[in-house]
Amino acid sequence: MAVINVKQISKRYGSCVALDGVSLQVNPGEIYGLIGPDGAGKTTLFRILVTLLLPDEGEAEVDGLDTVRDYRKIRSRIGYMPGRFSLYQDLSVEENLDFFATMFGTSIAENYENIKEIYAQIEPFKDRKAGALSGGMKQKLALCCALVHRPSVLFLDEPTTGVDAISRKEFWNMLYRIRRSGVTILVSTPYMDEAALCDRISLIQKGRIIETGTPDEIVGRYPHQLFGVCGEPAYPLLKFLRTCSGVLRCFSFGSEHHVAAEPGVLTAGGLQAAIEGAGFRNVSVRDIRPNIEDCFMELAKENDYGQG
Amino acid sequence: MKGFLSFVRKEFRHIFRDKRTILIVLVMPVVQIILFGFAISTEVYDARVDIVGNWSDPSVRRIAGRIEQNHYLRVVSVYETVADVPERFRKGLTDVAVCFERDFDARLRHEGRAEVRLLSDASDPNTAQMIVNYVNGVLTDAQSDLLLKDRPEPASEASFPYVQYMYNPSVLSAYNFVPGVMGLILMLVCSMMTAISIVREKEYGTMELLLVSPVRPMSVIVSKAVPYLVLSVVNLLTILLLARWVLDVPMRGSLLLLLLVSVLFILASLGLGLLISVIASTQKTALLISGMGLTMPTMIFSGIIFPCESMPVILQYFSDIIPAKWYIIIVKKVMIEGVGFGYICQEFLVLLAMTVCLLSVSIGLFRKRL
């Protein structure tokens with residue numbers, strides 16, 4: 001049975017549709033990623049699931065409890081880490097943790113085992129004010145506060161936004177450890193590269209779920225052939241590629257352009273010759289496997305057409 | 001219960017770790033009382049008096065002597081022509097001129113009446129009013145003495161008004177300011193600080209976490225209110241001590257009654273603060289609403305500075321909806337007049353109704369979701 005079960009949820013703010021018929025199921029003990037750009041509706045969905053907002057339509061269950069009717073029971077079973085750092089800046093690390101532990105009717109000592117691995121990293125700074133911590137440490141403290149009462153479901157809204165690459169990596173390792181203890185985790189992120197770290201993901205854009213599955217499944221469903229193209233000058237190259245026959249889409253990914261084409265229409269060699277023929281320097285073209293971002297771009301286009 | 005205590009402890013930490021909060025909550029009340037009590041007083045000391053008249057006239061001399069004896073007044077100059085008075089006002093040499101009729105003593109003796117005219121530089125009307133009152137008092141005393149001396153048996157025509165300031169014999173302004181400042185400070189600390197501390201949780205996003213926890217919104221409200229209630233009582237006691245021992249304002253009524261009424265008023269203020277916290281979403285908004293929406297009207301309409309009786313009728317009705325006005329009335333009655341509960345019953349009930357109303361509305365509006 002799904003731990004989180006969302007059925008056709010819609011939410012509007014005035015004329016702005018934040019969520020439009022969203023459905024998803026999260027199985028016990030998995031890390032489920034909600035991937036989408038800013039403004040896609042991730043936070044709204046989180047707030048509905050943690051009983052802070054009421055949906056306009058549809059219903060949702062967390063741990064078998066209805067988010068509207070049984071909100072009080074849900075509140076004691078979940079851990080929630082909002083997108084923004086939301087602890088008391090003028091209280092010390094230990095005071096914050098102690099406060100949230102007592103709020104949930106427990107204490108640090110009782111649940112020390114549960115948070116030990118994470119808390120051990122910030123314990124040397126336990127007398128420091130939370131406001132004076134670095135981004136990575138704030139994040140760890142917030143995670144401790146969300147975990148201190150042994151929740152069965154953990155909601156992490158963009159936990160890695162504004163955190164450096166190393167801390168992000170550490171953070172994901174912590175999530176795996178938490179998962180091992182049987183906690184179900186719903187995590188949202190705007191970073192496509194983090195999608196591959198989840199067990200299952202949903203891609204969300206403009207309030208709609210545009211794809212759901214394991215990262216591999218989603219990548220496997222990518223319908224086109226993909227080339228990675230480098231060359232100079234980069235921007236004219238992007239424009240040139242978009243005019244090439246057989247090219248469906250072309251996006252810039254850092255130093256490389258990702259070119260999507262119908263399977264079997266183009267080859268890397270043929271494309272390279274065409275580009276060099278147009279006078280670009282240092283050209284290299286290679287076959288690549290699509291990543292989640294390629295899939296997202298592809299699906300987002302369809303979603304746009306579908307809405308337009 | 002453990003959760004509640006830990007919540008209250010957290011609130012106290014917020015208060016004591018923020019210097020500005022401490023300043024507003026504990027230092028400001030003391031400063032305000034001392035400022036209002038000493039600096040902003042409506043009493044006039046050492047008013048300068050000119051005597052215009054014939055210095056050889058014995059009655060003039062006798063009255064001038066009496067003026068000199070009054071420790072609020074001081075005779076600075078004596079001359080004979082009224083025409084000199086405007087020039088002395090313009091130069092700022094004197095505050096009031098007492099002009100005696102020609103042959104003052106003789107007329108008084110033969111006709112039983114003589115005229116004195118008071119000329120006052122009323123460019124500052126409040127001060128002028130006070131000084132004229134002082135001089136009038138001296139003249140009235142002198143008149144009664146003269147009449148008694150001339151006609152041993154009390155005459156009916158000697159019935160000029162005899163004014164006694166029953167509960168404030170020396171007309172000290174502290175008697176008015178202390179109750180006013182009490183109302184102002186209790187409201188400021190309770191409404192403004194409670195509103196800000198709740199809105200701060202909203203602004204920093206911690207309210208989201210509090211709401212998601214199993215803690216009931218009601219206990220969030222109560223634990224927010226308790227620290228400010230405690231601090232308000234501390235403030236109240238500080239003010240009362242300062243008022244009694246520094247400003248010499250008496251405590252004639254029952255201290256217990258005063259405390260009871262104060263706690264009621266504190267609750268009303270907490271209700272107002274909660275209401276503001278429901279409306280405002282940022283600390284700035286909360287500060288503006290409590291500053292412009294609470295402090296200003298309280299200053300103006302509760303009779304601290306301007307008497308309500310001299311306002312247009314419509315504003316008098318408006319002043320009725322301000323809780324501080326009723327509280328201040330009660331404090332004046334209990335502290336200064338020393339009356340018992342029976343005499344403040346009506347005001348007490350108004351305040352009680354307001355408190356119940358404010359608390360229930362704001363608790364009802366306090367959201368258990370975002």
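Reminder, nothing fancy here: chain letters follow the sequence lines and each chain counts from 1.
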Chain B contact via A/F85 - side chain, backbone, both or neither, heavy atoms under 4.5 Å: backbone
Donor-acceptor side-chain pairing of A/N111 and A/T106 below 3.5 angstrom: yes
For each of A/F99, A/F104, A/Y80, tally heavy-atom pairs with chain B at distances under 4.5 Å, and name the one with the top tally. A/F99
Less than 4.5 Å apart, any side-chain heavy atom of A/K11 and any of A/E57? no
Which atoms of B/F7 are under 4.5 Å from chain A, going by heavy atoms: the side chain, the backbone, both sets, or neither? both
With a 4.0 Å cut-off on N to O distance, would you call B/E11 and B/K224 a salt bridge? yes
Comparing A/L54, A/I74, A/N96, A/L53 against chain B, the one with the most heavy-atom pairs below 4.5 Å turns out to be A/L54
Have B/E201 and B/T206 got a donor and an acceptor in their side chains that come within less than 3.5 Å? yes
Examine whether an atom of A/I78 lies under 4.5 Å from a heavy atom of chain B, and if so say whether it belongs to the side chain, the backbone or both; otherwise answer neither. side chain
Check this for me, if you would: do B/K10 and A/E95 make a salt bridge, where the nitrogen-to-carboxylate-oxygen distance has to be below 4.0 angstrom? no
Could you tell me which portion of A/K129 (side chain, backbone, both or neither) has an atom closer than 4.5 angstrom to a non-hydrogen atom of chain B? side chain
Against chain A, label B/L5 side chain, backbone, both or neither, depending on which of its atoms sit under 4.5 Å from a heavy atom there. neither
Under a 4.5 Å heavy-atom cut-off, does chain A meet the side chain of B/R200, its backbone, both or neither? neither
A/R179 and A/D199: CA distance, side-chain angles, deciding distance, salt bridge (Lys or Arg N to Asp or Glu O under 4.0 Å) verdict: CA-CA 11 Å; A/R179 179 182 58 180; A/D199 296 323; 2.5 Å; yes
Relative to each other, are the rings of A/Y176 and A/W172 parallel, tilted or perpendicular (30° and 60° limits)? tilted
Using non-hydrogen atoms only, which part of A/R77 is less than 4.5 Å away from chain B: side chain, backbone, both, or neither? neither
